[in-house]
Structures are given as structure tokens and as C-alpha cells.
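Proteins come first, then strands; the chains are lettered A, B, ... in the order of their sequence lines, and each starts at number 1.
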Protein chains: 2
Amino acid sequence: MSFSGAAAELGYTQSAVSQHIAALEADLGVRLLERRPVAPTVAGARLLAYAEPILLRLAAARADLARLAAPRPGPLRVGATPLAAAAAARLAADEPALTLCVTTRADLPRRVATDDLDLGLLDGYAAPNDPLPGTDLAPMDVSVHGEQPAVVALPRDHPLAARPALALADLALARWIDAPQVAAPLAQLRALAGAEGFPAGVTYPGTDVAGLLAAVAVGHGARRAPGRRGGGAPGPRRGGADRHPRGAPGGAAEARAGAAVAGTGRRPWTGVAVRSVTLGTPAAVDHRPPAEARTGTP
Amino acid sequence: MSFSGAAAELGYTQSAVSQHIAALEADLGVRLLERRPVAPTVAGARLLAYAEPILLRLAAARADLARLAAPRPGPLRVGATPLAAAAAARLAADEPALTLCVTTRADLPRRVATDDLDLGLLDGYAAPNDPLPGTDLAPMDVSVHGEQPAVVALPRDHPLAARPALALADLALARWIDAPQVAAPLAQLRALAGAEGFPAGVTYPGTDVAGLLAAVAVGHGARRAPGRRGGGAPGPRRGGADRHPRGAPGGAAEARAGAAVAGTGRRPWTGVAVRSVTLGTPAAVDHRPPAEARTGTP
DNA sequence: ACTACTTACGTATGTCGTAAAGATT
DNA sequence: AATCTTTACGACATACGTAAGTAGT
């Protein structure tokens, strides 16, 4: 990046950008950018980290007041994480006009806060009473719409696929596909299991459930789909959430667990077995022999 | 409040304040303040709610960069919640010059973020992997320094004081003293027990542990002191936390549970009995007959 | 009539653009 | 030499203060 480039993007001249940076650096008493080539200093990178949430909140505040002044006309804009999309689609039965948009877990609260979306349906793992991440961006209504046991997707010929149910700890050393956008990131799996392991193998960066399951079937790894507790559904203070106080209970959660099998018409996905998983606590991990885990993976 | 008063506080004239408000209202397209008398409108109150965290982050960013530019000289400034204060005092043994300041759980992260404190020791209840509230204000080092079973303080002559240990559900209908600054707020107790109850009785707004226990002894209610898991100790990125990577393990937690009994020299507080409490899960509450709880309370 | 907020206007400060100078590759 | 940033200076916009105007109490 360069001052000239930034100026072009902002509609300013290079001089103005230079003056801004100089003024800010003088104000803070720290050099923020190294020039020629232009790159953030340590202090500059730090400041940048602060800037993003602040700007996000400013945008959220402006959007909130604008919505307060003039309620938005048009269809209800619903966003959902990949595994909650089916539940969101089910909402369309009640709501005639409805816009659906699939995004990241992290992006969803942002979009709702900035009034880019009216309602968000997100899945994920959460303790009974902890707040959803991103919920503190702006005052928003949050409610839990379902709870479901966790499931894992395995290749059909996986040694552990023969069992009806598994413990997460058994899979600590399996070959996982890290698909942070679709299922839980590996880091969270480690936290949930209270154990090390869950080595980083193939990463699936997309948000496509079908694609991920295809990768599992081919044998790139054993991947777990979310479950345990239904994702909260953050909504705007006025709007969607109020109009749908009681959506189908468990809607989001059913879709989440079903996305692997039932989401495509309840016929088993080719080459994929879906098994329920009990989330291991640290104690459970310590007392359970992890020998069998090593046999796993295609 | 009045425009004139605000102007006096800001060092401006009434006119300037009037112009600012008018410009902001024109920008947002909403009336923010009702005049004569001056009071926030609904939109104004909403905007105010957004303003506080934004201003806090701005202050935190400025403080962080200032600290980065010129590390603060002088003694280590440590803050602590009332029940973690004893552990903080124990730090003084290692650190020759040390400033100690007792505050609220909510205030502590703010003070650390704005570089008003170098290190914060706070107690409280938390699930194994959830982040501490206030920790997202600024990038700060957080670590858990102890874990301890929960305890409840009862009057000596309380019917339940005869038992060596109690379940939180048993106390759902007891007469509690709500001391949100010292122990867990009643709302959190409800969440932890997964049950209704915990009726609001006397409120103890202070931060004085001894005073609270005196109130318990006199019989104003049955009050629980914190426990379960040690409070995390948020520290600045550079400074205290790095210099004390391994504080006495369990320091904060020991002090927290001990604040009722051991904190005053390990002699039992006059008229107060301290009993350990198991935190009830929703399931435990449903299956446990709550009849006995009704007998409790002095 | 008194008090408090609003509006009008003059001044000061700040911001941006143009243009020239300086620095780096 | 070419490219990019900094500095200098003039034009414009913004912000504040003074003072007059207006609206509640």
C-alpha cells in the first residue's frame, strides 16, 4: 500500500493523506507507518487492531439510529451459517418475502449490527449461559432456538464408523479436516475436549457443506459437524426477532445436525457415515485410553 | 442536566454546545435531546449506550500506544476485586513497591485497558473455556490463577449451617443478600443454578467483605461468597503479567474462598458459618426436592 | 420578566489542494 | 531519472465566541 494509493481510494490527494498521518503521529507521539515502502510499525499495527472494532461500533450506532428513525421497508433479510441455513430456509414458509444469505459465524453479528441483515441464525458450541461472540457489538436480542447432540462425519470405511457413537477424545489424534467456516475450528475442538491433539491437516476454507462432506468421503480426514447446543439467533432490537418470538423450537439445531444426512433429502451422503459424539471433559480424556484413536483415519 | 451546565464542564459556551447537538442531530436525522427540560430522547439514550464502549476503546488505544512509546516508571499498580485483594496483597512480598486498589469486577478491565492499572486480579465464576467479561476491550494477557470450590456464608443459627456442605439449588429460596460487588450477583446465581428463585432481598452495594459478613451474621440473609473457578488475572501486554508469569498458583482463589474466614486471621467470623456449595445444574435442580430450601433463612 | 436555548455573524483554527522541494531506489 | 513523500502556501470549510433573537416558565 502507498499514500498515493490510499489517497486515490479516499478521493483525496497524496498530500492530504500525508498530512493526516503526520498529524496523527504527532498527536500520539509515535511513528505509525514506515515509509518507502509504506508498512505499519509495531505501534501502527496495534492501533489498527483497535480501529476495527471502534469503526464497527460507530457504523452499528449509525445504522441503529437510522433504523430507529425510519423502519426499513422491503423483505426480511436473514443471514445464517452454513449448517443453520436449512433452518433459515424453513422460515421462508412463514415469511412470504425473505432474503437468505449464508456467511461466517464471525461475520453474522457484524452484519446484523450494521443493519446489513435483520436476523441471524448461527450454530455452534456454547456453554449453557455464556454470551455468543460478537453479541456485544451492539445491543441485540439473542435467543437460543435449539440444542442437539454433536455429530461427526467419517468416511464409510473408517474403523470408527462401525460404532454407533463416539467420544470426542477418541478422535483427538484422528486426521481432521479443519473447516472453521462450516463446523467448529480445530482450536475449539481442543478446548471442548480439554485435550491436546486435533492436529492441523487439510483445511477446508469454504462454506459449502456438500463440498466438505465430499472431501470427508474421499478420505481427506474425519470431520465433525457441530451439535451440542443450538446456536443462538441474534436479531435486531426491532424487527425479525420480535415478529418470530417462537420459531420452530430446535429448528436451527435440527438443520445443523441434519445437514450431513437429512439436509440433502435424508438419503445418506455417498461414502460418509455420521455418528454422534460425546464432548469429552478433561477428566473423561484422562481416564479413557486413547489407543484406539490412532487406528482411525483413512 | 442543561446545555449551559455541559458547556461549563467542557469549557465551552452554551452556544457551542447547542451547535454541536444541532449538527449531530442534523447528521443523524434524529432528535437526540428534548429541550426545556433537557433530557435524552429514545434515540439519544440509544446513542449514549453506543458511546461509552467506543470512548473506552479510544482511551484504551491511546493509553496502549503511550505505554508502548514510553514504558511507565514507578511502582506496579495492581487492582483487585474485594475477594482477590488478599492474593494481591501477597504479591507485595515479591514486589517491593506496589500500589493496591480494590474495585469492581466490571471496573477492573476498564482500568487495565486505559493503563490506569498495570495488573488486575479478579475473582468470579466462569465456565472452563469462556473469556472473561471486559477482556475484549483491548488486547490483554489473561490467565487463570486458581480454582476453588464455592462457599456460602450463613448466620451461625441458620438451619442449613448444621450441614457440612450444601447444593446451590437448596438455597434457591433462601433470603439472600445481593452483594454484586463482593460476591456473584443474584442474576448469576440463578444462571449457575439453572433455576428461578434467589429473590432480591437486601442489597449490599459496598465492596467491604467484613461489612457484608457482619450483615450476614446479623441475619439479613444467607450470602454466598464466590468460588468454583479461580478468577483470571488480566494483565497488560507488557508489564506486570510478564514479570510475574507464575504467581502463587491458586493465590486468588484461596483468598477468595478464605476471605470469609481466613482473610481475617483464620478465626471464624462472629456469627457466620462458611459452608461449601455445589453449583447446581438444571438437571440437578429438577430432580431435587426444593422443600428443604423453604425452611432456610433466619 | 427571567432563564435557557437558538440563530446570526465575525474570527480563528484546521483541512485540503496545488505546487515545489526532498528523499529513496 | 523516476517515483514517492514531505513541505509550503493559498483557498475553503469548520468550530468557537459574542451578541442578538426566541421560546418556554
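- Contact check, A/Ser15 against C/dC16: no side-chain N or O comes under 4.0 Å of OP1 or OP2.
- Across all strands shown, A/Thr13 has heavy atoms under 4.0 Å from base atoms, whether or not it also approaches the sugar-phosphate.
- If you check every strand for non-hydrogen atoms under 4.0 Å, A/Gly11 touches sugar and phosphate atoms only.
- Residue B/Val17 is out of contact with every strand shown, counting any heavy-atom pair closer than 4.0 Å.
- For B/Val38, whose side chain is taken as the heavy atoms from C-beta onward, the closest listed nucleotide among D/dT7, D/dG17, C/dC5 is C/dC5.
- Under 3.5 Å, the side chains of A/Ser18 and A/His20 contain no donor-acceptor pair of N or O atoms.
- Between the side chains of A/Thr81 and A/Asp123, at least one donor-acceptor pair of N or O atoms lies under 3.5 Å.
- Phosphate proximity of C/dC5 to B/Ser4: present, with a side-chain N or O under 4.0 Å from OP1 or OP2.
- At whole-Å resolution of the value, CD1 in B/Ile21 and P in C/dC5 are 11 Å apart.
- Each of C/dC16, D/dT3, D/dC16 was ranked by its minimum atom distance to the side chain of A/Arg36; first place goes to D/dT3.
- Atom P of nucleotide D/dT6 and atom CG of A/Leu24 are separated by 13 Å, given to the nearest angstrom.
- At a cut-off of 3.5 Å, with distance as the only test, a side-chain donor of B/Tyr50 or A/Asp64 sits close to an acceptor on the other residue.
- As rounded to whole Å, 14 Å separates atom C1' of D/dT6 from atom CG of A/Leu33.
- Remark: the A/Gln19 side chain and the C/dG17 base include a donor-acceptor N/O pair separated by less than 3.5 Å.
- In this entry the distance linking CZ of A/Phe3 with P of C/dC16 reads 14 Å, nearest Å.
- Between the side chain of B/Arg35 and the base of C/dC5, no donor-acceptor pair under 3.5 Å is found.
- The existence of a salt bridge linking B/Arg35 and B/Glu25 is confirmed by a sub-4.0 Å separation between a basic side-chain nitrogen and an acidic carboxylate oxygen.
- Mapped onto DNA chain C by nearest heavy atom, B/Ala22 and A/His20 fall at different nucleotides, with B/Ala22 at the one closer to the 5' end.
- Nearest heavy-atom pair across B/Val30 and A/Ala69 is CG2-CB, 3.8 Å.
- Atoms CD (A/Gln14) and C1' (C/dA20) sit 14 Å apart, rounded to a whole Å.
- Proximity note for A/Tyr12 (side chain, C-beta onward) versus C/dG17, D/dG17, D/dT6: the nearest is C/dG17.
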